[in-house]
*Asks:* 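First, the structure itself, so that you have it in front of you.
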Amino acid sequence: MEVTMAGALNTALRDAMRADDTVVVYGEDVGRLGGVFRITDGLQAELGVDRCFDTPVAESGIVGTAIGMAMYGLRPVVEMQFDGFSYPALNQIISHVGKYRNRSRGRVGLPLVIRIPYGGGIGAVEHHSESPEAYYAHTAGLTVVSPGTPADAYALLRASIEHEDPVIFLEPKRRYWLKADLELPVTAPPIGKAVVRRTGTTATVIAYGPMVTTALEAATRAEESGWDLEVVDVRTLSPLDIDTLVTSASKTGRALVVHEAARFAGYGAEIAADVSERAFGYLAAPVLRVTGWDIPYPPAKIERHFLPDADRILDAVARLLEY
Amino acid sequence: MEVTMAGALNTALRDAMRADDTVVVYGEDVGRLGGVFRITDGLQAELGVDRCFDTPVAESGIVGTAIGMAMYGLRPVVEMQFDGFSYPALNQIISHVGKYRNRSRGRVGLPLVIRIPYGGGIGAVEHHSESPEAYYAHTAGLTVVSPGTPADAYALLRASIEHEDPVIFLEPKRRYWLKADLELPVTAPPIGKAVVRRTGTTATVIAYGPMVTTALEAATRAEESGWDLEVVDVRTLSPLDIDTLVTSASKTGRALVVHEAARFAGYGAEIAADVSERAFGYLAAPVLRVTGWDIPYPPAKIERHFLPDADRILDAVARLLEY
Amino acid sequence: MTTDAATASSGTSSFRGLAQAAWQDVAAEGALGPVIEHPVDLSTEQLRSLYRLMALARRVDRQAINLTRQGALGVYASSMGQEAAQVGAVFALEKNDWLFPSYRDSLGTFARGVDIVEILALFSGSWHCAFDPYEHLVAPQATPVTTQALHATGLAMAARLRHDPIVALTFFGDGAASEGDAHEAMNMAGVYQAPVIFVVQNNQYAISVPFRMQTHTSSIALRAAGCGIPGIRLDGNDVLSVYAAVRVAVDRARSGGGPTLIEAMTFRIEAHTTADDQSRYRTEDEVAEGRKRDPLERFLGVLREGGAVDDAYLAEVDAEAEALAARMRDSLFGAPAGDPREMFDHVYATLTPQLEAQRALLHQEMQAAVDP
Amino acid sequence: MTTDAATASSGTSSFRGLAQAAWQDVAAEGALGPVIEHPVDLSTEQLRSLYRLMALARRVDRQAINLTRQGALGVYASSMGQEAAQVGAVFALEKNDWLFPSYRDSLGTFARGVDIVEILALFSGSWHCAFDPYEHLVAPQATPVTTQALHATGLAMAARLRHDPIVALTFFGDGAASEGDAHEAMNMAGVYQAPVIFVVQNNQYAISVPFRMQTHTSSIALRAAGCGIPGIRLDGNDVLSVYAAVRVAVDRARSGGGPTLIEAMTFRIEAHTTADDQSRYRTEDEVAEGRKRDPLERFLGVLREGGAVDDAYLAEVDAEAEALAARMRDSLFGAPAGDPREMFDHVYATLTPQLEAQRALLHQEMQAAVDP
Ligand SMILES: Cc1ncc(C[n+]2csc(CCOP(=O)(O)OP(=O)(O)O)c2C)c(N)n1
Ligand SMILES: Cc1ncc(C[n+]2csc(CCOP(=O)(O)OP(=O)(O)O)c2C)c(N)n1
Ligand SMILES: [Mg+2]
Ligand SMILES: [Mg+2]
């Protein structure tokens, strides 16, 4: 049946809560309203206010209390209403969420999930279209996941909730309405595995989250130019499945990484740097980065000129082929 | 005369406050105590409590109020007591400090400086040895500076205070006692310029902040092995003077970047990725990264096994030469 | 070794010194005083302009909602029902004072004299903040809740350091008051006796979350005591009380008396934004109840009773309101997006080499788009 | 359009409805009640063990300072003068309750039963937290101030959700109370009626910053009213008052009555840490004054008066304290650093391929170091 990414996420939460009564969902407006994107729709009605509840407007408080809940033995799944509003929680995330297991010599793990709708393309006002993945990916102790398809949205969220370590779960909000023909529950490769979405020979396009769709679109259009692109979906930003990326890049000899976030010191730099190092000698061209510009996210009316699209990807492929 | 980096910073603040009465210094314990590292020692006594004052323990409050002060027309220079305690201010820094000029269509610039003693090697407890530069460097709108020498400490801090845009000023705390023979005031290349500290031909070592000293030490030791290393001091992490780095790397054909911060999605990834792209064809080996491990900063007794040292750099040089 | 203490409490020592403790309890009830009446010293002229601003604000708000339905705006956060709180507070400011509004406070920003079309750029998506903050001394409307309270505090601290007799007023909501920044702002304002006024519009909701689930306290104004600053709680739908109380706070701040926290009890009549579906979390009856306390109707009633306005004046205001609404429609409909390349121009005071290069890339992309 | 309002206040409307405002003022004085006496129900046995813990804590603290001077510890944050606040509060907890201490609360952690040598690993730099938090239900001592208050609140929320009759107690300081997290924790605890007790040790200083410069309020306890939770202010150097008040709060929380904020007025006799030079910000006289209110001396005095202890018992405690001090010296002096490779082992539940590779690199470096 047809499932949207939003529907898959909602079902994943419901199934996880039914399967394990230690799973607790909370955040701003996730209860009665079902979340501003309705990802938690119906959970409070079905599982009760003790399992899914609203919070005051206090992100540090939401994440900080989730740490205590996880210490107690629950599996909190909290929502940051938008990417830009996860920043007030950064101190709790960097100073504690990522460090607690290590600090306590392995005795206190924190099985919690922080869900963050992220990225642009929905015509929102400032602070509602941020791509903060680099901040999280650079923070040791965190597991950072971002699904690019409805199936992965379900499978990876279920896996994240069952994960023994804290997961930053980045939901590509502009793809919430992306549809797929699925029967839920669906399984998928585990956290920590990248997946080749399309095999090809001309060049490797590495993407994640919202850009997976864009990369596949570019690959389809590339055929007109006689280019056969391989598309790799990163899925887990940290820990990164570098081997799958290097294997693909070594095979095609050309690779680029695409993301919405600003380029400078962005997540793509890690992929470009590590692939360049490990595939050195197999690369006919440098690893290129196709990204948003090094500026604050622009106003809605001009955001499409910020966001990487198939054209920008294909321009980069053309440059890859000039080497 | 002999000047320590701490002394140079203290003199820079004093000279800036004397030269411009809109410069205001505040933060936790910066007044009567003169700061836990004494960088603000004597400023309150000389310039008065209206020019240098203590704050409550509230980093978001310190940075948030600095924004308002800068809007008013002052030039606040605030101190985050330690790297790990700059995180509560991240929301104000990412959501406002970096975005205000752009948000207001260029009408409201924020000439403020956020001083952060950073990095390890001083035997401190947890949260006092963080290297957060990647978080700041990835944030558009910020200017990120880190001196590696007493002379730069003075000149770059003066330049940062005079800068029209907000500056994250990262002070390598383990080098506070690093000495140099100087007459203050001293001038130096402006913000945005990297500097070649040592010319060489074997390979390029790119460093900043605390690692500049370590890189130079490695270069000296490298002579024993007959290696002639070129050492480039980045000085300004953002905006980065990539040309100077690419020129050096293209010349030597081999380059590595060194920093204390964790490697994964760290600042070194940007340098490695961009140098790999721009110097492609001139590089005999991939750009290597010599960094801290991808773990939370370890306890004091074993921190030396985390921190990059001359040995780790020389191992990497040897690997560079194997290609 | 701690358990025995908790259990057996037998054989308590007979010696008084070993059987006695002492402490002070905090009695919240004690803190909130009775409702006290205060005189208002507005001339008929002023009362009329106060009404005029509220009436224009109401029309502007309705028009913004319509323009959103018609697609001229992407989204809009209505202040319907909060006109008294926003306009009344702003009315107490002097020309050189500063206002730090949030996304909710378009009407307060309008009352400050900022052009409504420029205000709505935030919601049309043409630019984050289109007006010049230095022209009317109004900061960009903040989206991350409560963050602006610290900016207002900082600006007020600066004014005090420079012996400049101005004040800063900031608006935030009952939900925003739960953020740590609210506490840090009020506490620092108290420490430095900064001339800043915190006006909390308690409109009973934070999107879908009702006030009683936002905090366990009966009044946000009580937080003033925790920071050692004056606190006031009032009917935010009574524009004269809002004006008069804010005026007291403004005068106190200006004369070196420091900050004040004012909780204005009001009600958000419309949905949180045009994108919100309030039927999911509150009944029409509840909203209907709220409408009954309409601050504009209420003020108009008193003005009529007091003979401060006549039909001629009201007709004048109506006409002005309609003209304003028409201008909004004309200016915001199909307003062209600005030049996308401008997105690079204000990141730094001077364009960096990186941004210059990226700007050129975007330029190429745009060229390629017109003639592929 | 706003200025005319501010200026000319002539010709005020004569109509009452247009010349009248009304509001409620917050009267901080009203909130803080009088000092009231309460009975304490401790048996002589319990009084003795309370004293014993305080006396041992005092010795442990002094020894830790010495060990720092001698280099066995890198730094230490002394609690000298705060034994009553820390030990008295912990004494009111049951076995299954949780404690969330800060770097300052080594003595409270010790009173909870955690081995002092393991506690001091934090300061010797052998590991961030060496003790098992689940053994005595004590969280690692938090270094970023106030962050632990939210962890305690979350754990208490979880206990309430699971109908588990336990409570969480967290300590933080007068400076820490200025952080936004303090407000978010107390407000959320109120909303969910979480069984958590916030014990603020107001020791008058945040490193060099005196309480009067930390906030403009006379009492942090007043913040309880702002979150709608019970608040208590007491003499933190009177161990019986600390114990009894915390006990009241613990019992209330355990029976579903929600959180309590307790401000324990005390004094930090030593410097902020062994690395701090307090002569830069306070006089010896001030510290001498503080010493006079020594909580241990004071309690001992009452115990003697009440005949609850005799010289034999005191000698016993002294001996135990000396033995403890000796064990600290023996265990902490030249304690070997652990295996550096362990730094990789607890980052994730299972070692990632990346970390395995990096662990191998470190292993090589260490091998090369022993035989280059
Ligand atoms: C820091 C932050 N967190 C979350 C949000 C998302 N958000 C927008 S409005 C809102 C509710 C705010 O309620 P309140 O403060 O009462 O203001 P109101 O909308 O009622 O005027 C929330 C949670 C935000 N804008 N900023
Ligand atoms: C978030 C954070 N900011 C700053 C610091 C640095 N710091 C350590 S102790 C301290 C003062 C805390 O004072 P208080 O809360 O009164 O506790 P006390 O030390 O007096 O027990 C500061 C500012 C910190 N540890 N955490
Ligand atoms: Mg509200
Ligand atoms: Mg203190």
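Chain identifiers are assigned alphabetically (A, B, ...) following the order of the sequence lines, protein sequences preceding nucleic acid strands; residue numbering begins at 1 within each chain.
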*Asks:* Taking the side chain as C-beta and beyond, is there a heavy-atom pair between A/Asp274 and B/Arg263 under 4.5 Å?
*Replies:* yes
*Asks:* Below 4.5 Å, heavy-atom pairs only: which of A/Ser60, A/Gly268, A/Gly266, A/Pro239 has the largest tally toward chain B?
*Replies:* A/Gly266
*Asks:* Between B/His138 and A/Phe264, is there a donor-acceptor pair closer than 3.5 Å when you use the side chain of the first and the backbone of the second?
*Replies:* yes
*Asks:* Only pairs of heavy atoms separated by less than 4.5 Å count here; which of A/Ala272, A/Ala137, A/Ser238 has the most with chain B?
*Replies:* A/Ala137
*Asks:* B/Glu130 versus chain A, heavy atoms under 4.5 Å apart: side chain, backbone, both or neither?
*Replies:* side chain
*Asks:* Between B/Gly98, B/Ser276, B/Ala285, which has the largest tally of heavy atom pairs under 4.5 Å with chain A?
*Replies:* B/Ala285
*Asks:* Among A/Pro299, A/Pro296, A/Pro298, find the one that has a side chain to side chain contact (heavy atoms under 4.5 Å, CB included) with B/Asn102.
*Replies:* A/Pro296
*Asks:* State, to 0.1 Å, how close A/Ser95 and B/Gly84 come at their nearest heavy-atom pair, and which atoms those are.
*Replies:* OG-O, 4.2 Å
*Asks:* Return the NE2 to NE2 distance between A/His96 and B/His127, rounded to the nearest 0.5 Å.
*Replies:* 5.5 Å
*Asks:* Let me know if B/Phe85 has heavy atoms under 4.5 Å from chain A in its side chain, its backbone, both or neither.
*Replies:* neither
*Asks:* Before giving the answer on side chain to side chain contact (heavy atoms under 4.5 Å, CB included), spell out for A/Tyr135 and B/Ile94 the whole-Å C-alpha distance, their side-chain angles and the decisive distance to 0.1 Å.
*Replies:* CA-CA 11 Å; A/Tyr135 301 130; B/Ile94 297 170; 3.7 Å; yes
*Asks:* In terms of heavy-atom proximity below 4.5 Å to chain A, should B/Tyr87 be classed as side chain, backbone, both, or neither?
*Replies:* both
*Asks:* Side chain from CB out, backbone as N, CA, C, O: work out which of these in B/Thr139 comes under 4.5 Å of a heavy atom of chain A, or both, or neither.
*Replies:* both
*Asks:* Which atom pair, heavy atoms only, marks the closest approach of A/Phe280 to B/Leu283?
*Replies:* CZ-O, 3.8 Å
*Asks:* Less than 4.5 Å apart, side chain to side chain, heavy atoms only: is that true for B/Glu277 and A/Val287?
*Replies:* no
*Asks:* Looking at B/Lys99 and A/Glu126, is there a salt bridge between them, counting it only when a charged N and a carboxylate O are closer than 4.0 Å?
*Replies:* no
*Asks:* Can you give me the closest heavy-atom contact between A/Ala273 and B/Ala269, atom names plus distance?
*Replies:* CB-O, 3.8 Å
*Asks:* Answer with side chain, backbone, both or neither: which region of B/Ile93 has an atom nearer than 4.5 Å to a non-hydrogen atom of chain A?
*Replies:* neither
*Asks:* Given side chains that start at C-beta, do those of A/Asn91 and B/Asn91 come closer than 4.5 Å, heavy atoms only?
*Replies:* no
